[in-house]
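Below is one structure; the comments refer to it alone.
Both counts, for ligands and for their atoms, begin at 1 and track the order of listing. Basis for what follows: all heavy atoms, side chains included, without hydrogens, waters or symmetry-related copies. This structure is a prediction, so every number in the text was calculated from the model and none was measured.
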Amino acid sequence: MSLFDRLVVSSIPFIPRFLVHRVARRYVAGETLDDAIATARSLAAEGAMSTLDVLGESVTHAGQTESARDEYLRVIDALSESGLPANTSVKPTAVGLSIDPDLARRNLSAICRRAAGSGVFVRLDMEDSPYTEKTIRLALDLKAEFGNVGVVLQAYLRRSLADLDRLIEARMNVRICKGIYRERREIAWKDHDVIVRNFAALLDKHLAAGCYAAIATHDEACVQNALATIDRLKLPKSAYEFQMLLGVDPLLRKILLESGHRLRVYVPYGRDWYAYSTRRLKENPSIARHIVNATLGLGPKTT
Ligand code: FDA
């Protein structure tokens with residue numbers, strides 16, 4: 001990241017909330033479940049599948065985790081009624097992992113039980129490294145009990161190739177992504193090209209073992225490596241799916257869909273849109289730069 005971009009990123013907390021909201025409209029389906037279902041419906045019309053995420057993470061009170069759990073139960077009921085090609089993604093800290101692992105386990109069991117009864121798949125998102133081992137263990141236990149559960153591995157973590165062995169043994173559906181949190185060099189690869197190579201190595205290992213993979217990236221290098229592996233292994237289109245975030249690179253989404261690949265869009269919704277949107281901005285300073293310019297009256301607006 002250039003010095004200018006670093007300056008832009010550090011100014012994000014000072015960007016007026018209404019301007020962040022204008023950008024959020026691109027990345028977040030809205031505040032309500034109805035908004036998320038409407039977005040999933042229009043994605044389905046494009047040929048894309050969805051995974052619905054209720055925004056909110058790292059809660060501090062047990063009561064908040066119960067609200068999150070209940071919202072996920074409503075998501076599952078709505079998905080099963082709608083018949084849409086959609087599933088759900090849950091951040092374990094949103095249902096209590098940072099408070100008490102047993103609380104998270106109880107809430108996730110309730111979610112996975114309801115989802116299993118409705119034929120809905122549940123993926124545990126992967127958060128920062130203090131939760132990696134706990135999340136993998138939860139996913140393995142929940143999959144053993146309910147069947148309809150998958151998890152995520154981050155290509156920037158040095159441990160991920162070894163973690164994949166346990167997930168392959170459990171025939172787990174794994175989403176592979178680069179990883180979004182700030183991690184120490186002791187545990188994480190830092191170089192972009194190395195992360196791209198580790199992404200390819202994880203995907204190759206998982207697909208070659210005959211397991212289902214979700215390829216979550218907007219990076220053409222990762223997409224190209226994935227397509228080469230799929231071609232080499234002569235995999236049918238049912239053996240994997242691509243995944244992208246709502247609002248990011250719709251052209252790449254169209255290209256993959258038109259080539260006949262299965263593709264799922266991550267659809268976040270909820271009142272907690274501010275933290276999610278500022279994280280998106282930190283990842284892509286060029287958008288933040290437009291907002292800073294707009295705020296200072298220096299350039300074109302973002303919408
Ligand atoms: P990269 O960051 O190199 O981006 C490639 C291109 O896409 C660039 O041109 C960039 O500008 C553009 N781009 C990427 N992100 C953008 C954004 N937010 N806004 C605008 N443009 C953007 N991480 C994690 O730690 N745990 C998780 O559970 C998940 N889950 C997850 C699900 C799905 C469906 C996706 C797509 C991603 C995740 N991630 C995640 C995030 C992931 O780890 C990673 O941080 C982002 O996908 C960005 O990495 P890329 O591989 O897209 O490459």
Hey, looking at [atom], which of [options] has the closest heavy atom?
atom                    : options                       : value
atom 1 (P) of ligand 1  : Lys178, His218, Glu220        : Lys178
atom 51 (O) of ligand 1 : Thr217, Leu263, Val265        : Thr217
atom 26 (N) of ligand 1 : Arg26, Gln243, Arg123, Met126 : Met126

Answer yes or no: is there an ion pair linking [X] with [Y], defined by an N-O contact shorter than 4.0 Å?
X      : Y      : answer
Glu241 : Arg264 : yes
Asp125 : Arg175 : yes
Glu186 : Arg158 : no
Arg159 : Glu183 : no
Lys254 : Glu46  : no
Glu169 : Arg166 : no

Ligand 1 to [X] polar contact by distance, N or O atoms, under 3.5 Å:
X      : result
Gln154 : yes
Gly179 : yes
Cys222 : no

message: Under 4.0 Å from a heavy atom of Asp125: which atoms of ligand 1 are those, numbered in the order shown and with their elements?
response: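 Heavy-atom distances to Asp125 below 4.0 Å select 28 (O).
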- line: With heavy atoms and a 4.0 Å threshold, my read on which part of Glu127 contacts ligand 1 is neither
- request: Give the contacting part of Val248 toward ligand 1: side chain, backbone, both or neither, where contact means a heavy-atom distance below 4.0 Å.
  value: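 Side chain only.
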- prompt: Hey, what's the ring geometry for Tyr240 with His261, parallel, tilted or perpendicular (30° and 60° as the breaks)?
  reply: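 The arrangement is tilted - the two ring planes meet at 30° to 60°.
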- request: Give a yes/no verdict on whether any heavy atom in Arg264 is under 4.0 Å from an atom of ligand 1.
  value: no
Close approach of Phe199 to ligand 1, heavy atoms, under 4.0 angstrom: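 No.
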